[in-house]
Amino acid sequence: MNYLVVVAHPDDEVLGAGATIHKLVEEGHNVAVTIMVSQAAARKDLSSTLLEDEKKAFSIVGVEKTYHADFPNIQMNTVPHLELVRFIESCIEDWKAEAIITHHPSDTNNDHVQTSYAAQAACRLFQRRDNLPALKELLYMEVPSSTEWSFDTSANRFSPNYFVEIGKDGVEIKIKALSAYKGVMRPYPHPRSNEALEGLAAYRGVQAGCYYAEAFECAFKRE
(Lines give C-alpha, C1' and ligand atoms only; values in the text may rest on other atoms or scores of the structure.)
Protein backbone atom coordinates (compact mmCIF):
# COMPACT_ATOMS: atom_id res chain seq x y z
CA MET A 1 0.00 0.00 0.00
CA ASN A 2 0.95 3.62 -0.33
CA TYR A 3 1.23 5.18 3.13
CA LEU A 4 1.38 8.94 3.72
CA VAL A 5 2.63 10.16 7.10
CA VAL A 6 1.40 13.73 7.63
CA VAL A 7 3.21 15.63 10.38
CA ALA A 8 3.64 19.18 11.55
CA HIS A 9 7.40 19.26 12.09
CA PRO A 10 10.54 17.38 11.09
CA ASP A 11 11.20 14.69 13.76
CA ASP A 12 7.48 14.16 14.50
CA GLU A 13 7.36 11.35 11.94
CA VAL A 14 10.13 9.41 13.69
CA LEU A 15 8.90 10.15 17.20
CA GLY A 16 5.42 8.92 16.36
CA ALA A 17 5.95 6.18 13.80
CA GLY A 18 9.65 5.77 13.02
CA ALA A 19 9.85 2.04 13.69
CA THR A 20 6.53 1.40 11.95
CA ILE A 21 7.70 3.33 8.88
CA HIS A 22 10.84 1.21 8.76
CA LYS A 23 8.82 -2.00 9.12
CA LEU A 24 6.38 -0.99 6.38
CA VAL A 25 9.23 -0.23 3.98
CA GLU A 26 10.91 -3.55 4.82
CA GLU A 27 7.62 -5.32 4.06
CA GLY A 28 7.49 -3.72 0.61
CA HIS A 29 5.02 -0.91 1.22
CA ASN A 30 5.63 2.61 -0.06
CA VAL A 31 5.92 5.38 2.55
CA ALA A 32 6.06 9.13 1.94
CA VAL A 33 6.15 11.90 4.53
CA THR A 34 4.41 15.28 4.39
CA ILE A 35 5.94 17.97 6.60
CA MET A 36 3.81 21.05 7.12
CA VAL A 37 6.44 23.25 8.83
CA SER A 38 9.81 22.81 7.14
CA GLN A 39 11.62 25.42 9.21
CA ALA A 40 11.81 25.46 12.99
CA ALA A 41 12.87 28.98 13.88
CA ALA A 42 10.96 28.89 17.16
CA ARG A 43 12.64 25.64 18.21
CA LYS A 44 16.08 26.75 19.32
CA ASP A 45 17.08 23.21 20.26
CA LEU A 46 17.09 22.07 16.64
CA SER A 47 20.09 22.23 14.38
CA SER A 48 20.64 24.81 11.67
CA THR A 49 21.29 21.81 9.41
CA LEU A 50 17.71 20.61 9.84
CA LEU A 51 17.16 19.52 6.23
CA GLU A 52 20.40 17.54 6.23
CA ASP A 53 19.43 15.95 9.54
CA GLU A 54 16.05 15.06 8.08
CA LYS A 55 17.65 13.35 5.09
CA LYS A 56 19.83 11.27 7.41
CA ALA A 57 16.84 10.26 9.51
CA PHE A 58 14.82 9.31 6.42
CA SER A 59 17.67 7.24 5.01
CA ILE A 60 17.75 5.27 8.27
CA VAL A 61 14.02 4.45 8.30
CA GLY A 62 13.82 4.06 4.51
CA VAL A 63 11.72 7.03 3.37
CA GLU A 64 12.52 8.18 -0.16
CA LYS A 65 9.69 10.63 -0.88
CA THR A 66 9.01 13.80 1.10
CA TYR A 67 6.62 16.71 0.62
CA HIS A 68 7.51 20.04 2.25
CA ALA A 69 5.27 22.98 3.01
CA ASP A 70 6.42 26.20 4.64
CA PHE A 71 3.60 27.07 7.01
CA PRO A 72 4.61 29.17 10.06
CA ASN A 73 6.02 27.26 13.02
CA ILE A 74 3.88 27.28 16.18
CA GLN A 75 1.49 29.53 14.25
CA MET A 76 -0.37 27.12 12.02
CA ASN A 77 -3.60 28.29 13.66
CA THR A 78 -3.12 31.60 11.80
CA VAL A 79 -3.33 29.84 8.41
CA PRO A 80 -6.78 29.32 6.86
CA HIS A 81 -7.83 25.71 7.34
CA LEU A 82 -8.55 25.33 3.63
CA GLU A 83 -4.93 26.12 2.74
CA LEU A 84 -3.70 23.34 5.00
CA VAL A 85 -6.25 20.90 3.60
CA ARG A 86 -5.44 21.70 -0.01
CA PHE A 87 -1.72 21.14 0.50
CA ILE A 88 -2.31 17.73 2.07
CA GLU A 89 -4.77 16.90 -0.71
CA SER A 90 -2.09 17.68 -3.27
CA CYS A 91 0.22 15.20 -1.53
CA ILE A 92 -2.50 12.54 -1.40
CA GLU A 93 -3.21 13.02 -5.09
CA ASP A 94 0.44 12.86 -6.12
CA TRP A 95 1.28 9.88 -3.92
CA LYS A 96 -2.02 8.05 -4.54
CA ALA A 97 -2.14 7.51 -0.79
CA GLU A 98 -4.22 4.61 0.47
CA ALA A 99 -3.42 4.97 4.19
CA ILE A 100 -2.67 8.04 6.29
CA ILE A 101 -0.88 8.34 9.61
CA THR A 102 -1.07 11.69 11.38
CA HIS A 103 -1.20 13.41 14.76
CA HIS A 104 -3.89 12.82 17.33
CA PRO A 105 -6.41 15.71 17.35
CA SER A 106 -6.19 16.11 21.14
CA ASP A 107 -2.44 16.73 21.15
CA THR A 108 -1.26 19.64 23.28
CA ASN A 109 0.84 21.11 20.44
CA ASN A 110 -1.44 23.33 18.36
CA ASP A 111 0.52 22.74 15.14
CA HIS A 112 -0.10 19.03 15.64
CA VAL A 113 -3.80 19.69 16.17
CA GLN A 114 -4.12 21.83 13.04
CA THR A 115 -2.27 19.20 11.02
CA SER A 116 -4.55 16.46 12.31
CA TYR A 117 -7.76 18.30 11.46
CA ALA A 118 -6.49 19.22 8.00
CA ALA A 119 -5.42 15.63 7.34
CA GLN A 120 -8.84 14.37 8.43
CA ALA A 121 -10.56 16.72 5.99
CA ALA A 122 -8.16 15.79 3.19
CA CYS A 123 -8.91 12.09 3.71
CA ARG A 124 -12.23 12.55 1.90
CA LEU A 125 -10.55 13.51 -1.37
CA PHE A 126 -11.01 10.06 -2.94
CA GLN A 127 -14.77 10.53 -2.78
CA ARG A 128 -14.46 13.46 -5.18
CA ARG A 129 -11.74 12.13 -7.49
CA ASP A 130 -12.24 9.08 -9.66
CA ASN A 131 -8.50 8.75 -10.26
CA LEU A 132 -7.62 8.13 -6.60
CA PRO A 133 -7.63 4.87 -4.65
CA ALA A 134 -10.08 4.64 -1.77
CA LEU A 135 -8.74 5.40 1.68
CA LYS A 136 -8.11 2.13 3.52
CA GLU A 137 -6.82 3.40 6.84
CA LEU A 138 -6.46 6.51 9.02
CA LEU A 139 -4.26 6.18 12.09
CA TYR A 140 -3.44 8.70 14.82
CA MET A 141 0.02 8.42 16.36
CA GLU A 142 1.46 9.56 19.67
CA VAL A 143 4.40 12.00 19.82
CA PRO A 144 6.33 11.71 23.10
CA SER A 145 6.66 14.98 25.03
CA SER A 146 3.50 16.30 23.38
CA THR A 147 0.59 13.87 23.10
CA GLU A 148 0.78 12.78 26.74
CA TRP A 149 0.52 16.42 27.84
CA SER A 150 -3.07 16.71 26.69
CA PHE A 151 -4.75 17.87 29.88
CA ASP A 152 -8.14 18.82 28.40
CA THR A 153 -10.50 16.39 30.11
CA SER A 154 -13.34 17.42 27.78
CA ALA A 155 -11.47 16.00 24.79
CA ASN A 156 -10.99 12.38 23.82
CA ARG A 157 -7.35 11.78 24.63
CA PHE A 158 -5.10 9.37 22.74
CA SER A 159 -6.52 5.88 23.28
CA PRO A 160 -4.45 3.25 21.44
CA ASN A 161 -6.29 0.38 19.82
CA TYR A 162 -3.83 -0.54 17.05
CA PHE A 163 -0.36 -1.87 17.81
CA VAL A 164 2.57 -2.55 15.49
CA GLU A 165 5.13 -5.00 16.83
CA ILE A 166 8.57 -3.53 16.14
CA GLY A 167 11.00 -5.65 18.15
CA LYS A 168 14.17 -4.43 19.82
CA ASP A 169 15.67 -3.77 16.38
CA GLY A 170 12.80 -1.41 15.61
CA VAL A 171 13.41 0.54 18.82
CA GLU A 172 17.09 0.86 17.95
CA ILE A 173 16.27 2.05 14.41
CA LYS A 174 13.89 4.65 15.84
CA ILE A 175 16.45 5.97 18.32
CA LYS A 176 19.16 6.04 15.66
CA ALA A 177 16.91 8.03 13.30
CA LEU A 178 15.97 10.49 16.05
CA SER A 179 19.63 10.94 16.91
CA ALA A 180 20.17 12.21 13.36
CA TYR A 181 18.14 15.27 14.36
CA LYS A 182 20.61 17.34 16.35
CA GLY A 183 19.11 18.79 19.51
CA VAL A 184 16.00 16.61 19.62
CA MET A 185 17.06 13.98 22.13
CA ARG A 186 17.25 14.76 25.84
CA PRO A 187 18.68 13.06 28.93
CA TYR A 188 16.42 10.76 30.94
CA PRO A 189 13.76 11.21 32.31
CA HIS A 190 12.72 13.41 29.38
CA PRO A 191 10.19 11.65 27.08
CA ARG A 192 12.62 12.09 24.18
CA SER A 193 15.41 10.15 25.87
CA ASN A 194 16.68 6.74 24.80
CA GLU A 195 15.45 5.16 28.01
CA ALA A 196 11.98 6.71 27.78
CA LEU A 197 11.50 5.74 24.14
CA GLU A 198 12.51 2.15 24.83
CA GLY A 199 10.30 2.12 27.92
CA LEU A 200 7.30 3.42 25.99
CA ALA A 201 7.85 0.79 23.28
CA ALA A 202 8.04 -1.91 25.95
CA TYR A 203 4.87 -0.65 27.64
CA ARG A 204 2.95 -0.50 24.37
CA GLY A 205 4.30 -3.94 23.59
CA VAL A 206 2.96 -5.56 26.74
CA GLN A 207 -0.41 -3.95 26.07
CA ALA A 208 -0.48 -5.96 22.86
CA GLY A 209 1.18 -9.12 24.16
CA CYS A 210 4.61 -8.60 22.60
CA TYR A 211 7.96 -7.20 23.66
CA TYR A 212 8.05 -3.86 21.83
CA ALA A 213 5.43 -1.95 19.84
CA GLU A 214 4.39 1.44 18.53
CA ALA A 215 0.80 2.34 19.35
CA PHE A 216 -1.80 4.11 17.24
CA GLU A 217 -5.45 4.98 17.44
CA CYS A 218 -7.32 3.66 14.42
CA ALA A 219 -9.90 6.23 13.38
CA PHE A 220 -10.93 4.59 10.10
CA LYS A 221 -10.33 1.25 8.40
CA ARG A 222 -11.89 -0.54 5.43
CA GLU A 223 -10.89 -3.68 3.59
Q) Any link between V171 and V184 through a network of hydrophobic side chains (Ile, Leu, Val, Met, Phe, Trp, Tyr) touching at under 4.5 Å? A) yes
**Asked** Does Y117 OH have over 12 foreign heavy atoms under 6.0 Å away?
**Response** no
### Query
Does the distance from a Lys or Arg side-chain N to an Asp or Glu carboxylate O, for K23 and E214, drop under 4.0 Å?
no
TODO: Show your working on side-chain contact (heavy atoms from CB on, under 4.5 Å) between M36 and I88 and close with a plain yes or no.
DONE: CA-CA 9 Å; M36 304 296 280; I88 297 172; 3.9 Å; yes
Here the salt bridge (charged side-chain N to carboxylate O under 4.0 Å, His left out) pairs for residues 149-165, sequence neighbours left out, are none
Exercise. Is any side-chain heavy atom of R192 less than 4.5 Å from a side-chain heavy atom of L178?
Worked result: no
So CD1 of I101 and OH of Y162: to nearest 0.5 Å the spacing works out to 7.5 Å
Paired with V33, the side-chain contact (heavy atoms from CB on, under 4.5 Å) test is passed by just one of V7, L4, V14, namely V7
> Counting only heavy atoms not in K96, do more than 12 fall under 6.0 Å of its NZ?
Replying inline: yes
So ring pair (Phe, Tyr, Trp, His ring centres under 6.0 Å) across residues 72-92, not counting sequence neighbours, yields none
Problem set entry | Flag side-chain contact, heavy atom, 4.5 Å: D53 against P10 | no
Where do T34 and W95 land on the side-chain contact (heavy atoms from CB on, under 4.5 Å) test, with the steps shown first?
CA-CA 10 Å; T34 291; W95 187 242; over 6 Å; no
For residues 54-74, the salt bridge (charged side-chain N to carboxylate O under 4.0 Å, His left out) pairs (sequence neighbours left out) are none
Following the transitive rule for hydrophobic clusters with a side-chain heavy-atom cut-off under 4.5 Å over Ile, Leu, Val, Met, Phe, Trp and Tyr, establish whether F58 and L50 coincide in one cluster. yes
Taken in chain and number order and not counting sequence neighbours, the residues that satisfy salt bridge (Lys or Arg N to Asp or Glu O under 4.0 Å) with E89 are R128
Sequence neighbours excluded, the answer for ring-ring contact (aromatic ring centres under 6.0 Å, His included) partners of H190 is none
* Asked: Is I166 linked to F163 within one hydrophobic cluster, defined over Ile, Leu, Val, Met, Phe, Trp and Tyr using a side-chain heavy-atom separation of less than 4.5 Å?
  -> no
Heavy-atom nearest pair, L138 first then L135, reads CB-CD2, 4.5 Å
| request: Please answer whether the main-chain N or O of D11 pairs with a side-chain N or O of E13 as donor and acceptor at a distance below 3.5 Å. | output: yes
Closest non-hydrogen contact found for G18 with V61 is O-CG1, 3.7 Å
*Taking S150 for the side chain and T108 for the main chain, is one N or O donor matched with an acceptor at less than 3.5 Å?*
no
So ring pair (Phe, Tyr, Trp, His ring centres under 6.0 Å) across residues 132-153, not counting sequence neighbours, yields H104-Y140, W149-F151
Here the gap from I74 atom CD1 to F71 atom CZ, rounded to the nearest 0.5 Å, amounts to 15.0 Å
Closest non-hydrogen atoms of I92 and A122, given as atom of the first, atom of the second and distance, are CD1-O, 3.5 Å
Distance col, row K182:NZ vs T49:OG1, nearest 0.5 angstrom, shows 3.5 Å
Given 3.5 Å as the limit, does a donor-acceptor pair link the side chain of T102 with the main chain of V6, or not?
yes
E83 meets the salt bridge (Lys or Arg N to Asp or Glu O under 4.0 Å) criterion, sequence neighbours left out, with none
If we ignore hydrogens and angles and just use 3.5 Å, is the side chain of D107 paired with the main-chain N or O of V113 as donor and acceptor?
no
Residues at least two apart in sequence or cross-chain that pass side chain to side chain contact (heavy atoms under 4.5 Å, CB included) with N156, listed by chain then number, are none
Residues pairing under ring pair (Phe, Tyr, Trp, His ring centres under 6.0 Å) where one sits in residues 202-223, two or more places apart or in two chains, turn out to be none
Look at the side-chain heavy atoms of Ile, Leu, Val, Met, Phe, Trp and Tyr, link any pair under 4.5 Å apart, and say whether I21 and L24 land in one connected group.
yes
Expected output: side-chain K174 to main-chain L15 donor-acceptor under 3.5 Å: yes
- Task: List the steps, then state whether side-chain contact (heavy atoms from CB on, under 4.5 Å) holds for M141 with T20.
- Result: CA-CA 11 Å; M141 63 184 186; T20 297; over 6 Å; no
When every non-hydrogen atom of A177 is compared with those of I60, the smallest separation belongs to CA-CD1, 3.8 Å
Heavy atoms of A213 and R204 approach each other most closely as O-CB, 3.5 Å
Side-chain contact, heavy-atom cut-off 4.5 Å: L84 with T115?
no
Between T78 (side chain) and Q75 (backbone), is there a donor-acceptor pair under 3.5 Å? yes
So CD of E172 and CG of N194: to nearest 0.5 Å the spacing works out to 10.5 Å
Residues at least two apart in sequence or cross-chain that pass ring-ring contact (aromatic ring centres under 6.0 Å, His included) with H112, listed by chain then number, are H9, H103
Check your understanding: Between L197 and M185, does a side-chain contact (heavy atoms from CB on, under 4.5 Å) hold up when you go through it step by step?
Key -> CA-CA 10 Å; L197 289 169; M185 300 298 282; 3.7 Å; yes
For R129, the salt bridge (Lys or Arg N to Asp or Glu O under 4.0 Å) test, sequence neighbours excluded, returns E93
Are V79 and V85 co-members of a hydrophobic cluster defined by side-chain heavy atoms under 4.5 Å apart? no
Here the gap from K136 atom NZ to E223 atom CD, rounded to the nearest 0.5 Å, amounts to 8.5 Å
Residues passing the side-chain hydrogen bond (donor to acceptor under 3.5 Å, both in side chains) test with N30, sequence neighbours excluded, are N2
P191 and S145 have their tightest heavy-atom pair at CB-N, 3.5 Å
d(C91 SG, I35 CD1) to nearest 0.5 Å is 10.5 Å
